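Below, chains carry the letters A, B, ... as their sequence lines are ordered, and counting in each starts from 1. Note that the structure is predicted; figures quoted are calculated from it, not measured.
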Number of protein chains: 2
Amino acid sequence: MLKDIIENNQNYQPGLSIDCVIFGFHDNQLKVLLIKIPHSKSWSLPGGFIPIDQDIDTAAVTVLNGRTGVEGIFLRQFATFGKIKRNDQHFGKEVLEYLKIEEEKGKWLTQRFVTIGYYALVDFLKTIPKSANKEEVIEWIDHKEVPELILDHKEILDKALQTLRTELNLMPIGYNLLPEKFTIPELQKLYETILDKKLDRRNFLRKITNIGILTKLDEKKSNVAHKAPNLYSFDKDKYDEVLKNGLNQGW
Amino acid sequence: MLKDIIENNQNYQPGLSIDCVIFGFHDNQLKVLLIKIPHSKSWSLPGGFIPIDQDIDTAAVTVLNGRTGVEGIFLRQFATFGKIKRNDQHFGKEVLEYLKIEEEKGKWLTQRFVTIGYYALVDFLKTIPKSANKEEVIEWIDHKEVPELILDHKEILDKALQTLRTELNLMPIGYNLLPEKFTIPELQKLYETILDKKLDRRNFLRKITNIGILTKLDEKKSNVAHKAPNLYSFDKDKYDEVLKNGLNQGW
DNA sequence: AGTACATTGCGTCATAATAACACATTTGAA
DNA sequence: TTCAAATGTGTTATTATGACGCAATGTACT
């Protein structure tokens, strides 16, 4: 609870927060987990504070697990946001008013905050979004239809997506975003959605299989319109190896 | 002065610092600007604190300008370090003892600190390393001969170099590390030094010129042994364009 | 002055990666 | 039964890459 944190703020790193951009993939859409706070018209990224005796990475994992219930997911720090105007006094005071905390006692919250951005890739179907309380709404929202966000959260989200796009060229993705069994067209849609551009079906197949991280299963997807596509799974060992060594070395 | 900052710590963001990994290139060596603090056996990265009314990027620029005297340089945030054990109490107390500040008054410094890492690429010859005071030594040190560093500064340095290596595949570099006029072999040495591997002379020339950011000058380098190599300069417009759009798109 | 040697500039060639496209197959729906 | 939409498996031309060859240039040494 935010109120508890503010009242026991000596147990938390001052002026520093964490915000998570949690990506999922469903219905051919790249979705982001967003929170609607009752006291604001805007939505926000799931975030949290850093216990004084915890690594920042650990604090980020806590936020993620708390919101998704999923463990062992892909989580990566991508940038730290510290513009002086990023959190205005006004927003903090709104929160205090809502929580019925006096301005003096809530000073910890209205001080200047720097936030560390993490992005996560999770399996949409395994995720059960959890709201922290009754008034809070937490929802998967298509990244193309993100509503107005509080503070600089839009900027954080954009930067996360931009980072994800870049990292697509440096490492394989999909293991964390797709179910265990999936089809090549599904994987391609994921790539197309993240990159926001069409790729050639046949060239994609060749390139993705050449990486050597896919295992073709002796099974076809059922209950589909048109020709049933083959199912694949990731070869976790090879996947991890490529993750570690990177792809597209360049030089 | 650190003492002033501690005494006026209400003007600074608490528990948050900045550390800069400043790279330069000279004598075919990738060098890092390091500081020797009198009260410690170890060296450290140039760093600083964040004025409560300044963007973190601005604070990083201030650190950089203050140490190098160079302006308009390449400066990029690459990671934030926040392990709980990264700054031990012991180190902070040493500093306080050296500065003759009572433990109680110096509590601001011995609290838990998270640090934001920036790396910079500067022109070695245009840089005049500046020490903050008489007792402090600041020096260019070959990245292969870095001595013991305080706290987790070695980890920060390693991560900066690793980031630089990755970014070499995503963008052109050299504009900030080399003098205005340079030779292809010099540029190749820079790449080889950063990547820590040999590249083929002829293939390097082809690949680097194909990027389209180099202008061949009608001039040869003088006072050199053996055949005089041609001089080149960067085409700033095209360089910036490639910087913006990136290279090696992959997908 | 002549020669050896290191280094540069400009090539070639075989192979791999990429982009663009053709055609047959499978399946649900008209 | 036929059509439309999607999948599976190719082909071909172009480009990029990796591994070399060789002549030109300038220093250093005899």
Proximity to the side chain of Arg201(B) - top-ranked nucleotide from dC21(C), dT8(C), dT18(C): dT8(C)

Nearest-neighbour nucleotide for the Ala225(B) side chain, dT27(D), dT27(C), dA20(C) considered: dT27(D)

Nearest-angstrom distance from the residue atom CG of Leu231(B) to P of dT8(C): 12 Å

Quiz item: Arg206(B) side-chain donor-acceptor pair to dG18(D) base, under 3.5 Å: yes

Protein-nucleotide distance (Asp200(A), atom CG; dG10(D), atom P), rounded to Å: 16 Å

Ring geometry between Tyr119(B) and Phe23(B) (parallel below 30°, tilted from 30 to 60°, perpendicular above 60°): perpendicular

Working for side chain to side chain donor-acceptor pair (under 3.5 Å), residues Thr115(A) and Ser17(A): CA-CA 5 Å; Thr115(A) 199; Ser17(A) 59; 2.8 Å; yes

5'-most by nearest nucleotide on DNA chain C - His226(B) or Tyr232(B): His226(B)

Distance under 6.0 Å and angle within 45° of ring axis: Lys207(B) vs Trp251(A): yes

Minimum-distance nucleotide (side-chain atoms of Asn203(B) versus dT18(C), dT7(D), dC20(D)): dC20(D)

Atom pair CG (Leu45(A)) and CG (Asp19(A)), whose distance is rounded to the nearest 0.5 Å: 5.5 Å

Position toward the 5' end of DNA chain C (nearest nucleotide), Lys189(B) or Trp251(B): Lys189(B)

More than 12 heavy atoms from other groups under 6.0 Å of NZ on Lys36(A): yes

Value in whole Å for how far the P atom of dT17(D) lies from CG of Leu205(B): 14 Å

Between dG8(D) (P) and Gln188(A) (CD): distance, integer Å: 11 Å

Rounded distance in Å - CG (Leu187(B)) to C1' (dT8(C)): 15 Å

Of residues 209-220 of chain B, the positions that come close to DNA chain D - non-hydrogen atoms, cut-off under 4.0 Å: none

For atom CG of Asn169(A) and atom P of dA17(C), their distance in whole Å: 16 Å

dG9(C) base / Arg202(B) side chain donor-acceptor hit below 3.5 Å: no

Geometric cation-pi criterion Lys236(B) and Tyr175(B), 6.0 Å radius, 45° cone: yes

Nearest-angstrom distance from the residue atom CD1 of Ile208(B) to P of dG9(C): 14 Å

Phosphate-side-chain proximity, Lys227(A) and dA5(D), N/O vs OP1/OP2 below 4.0 Å: no

Distance, rounded to the nearest Å, where Ile184(A) contributes CD1 and dT9(D) contributes C1': 13 Å

Value rounded to 0.5 Å, distance of CD1 in Ile22(A) from NZ in Lys31(A): 15.0 Å

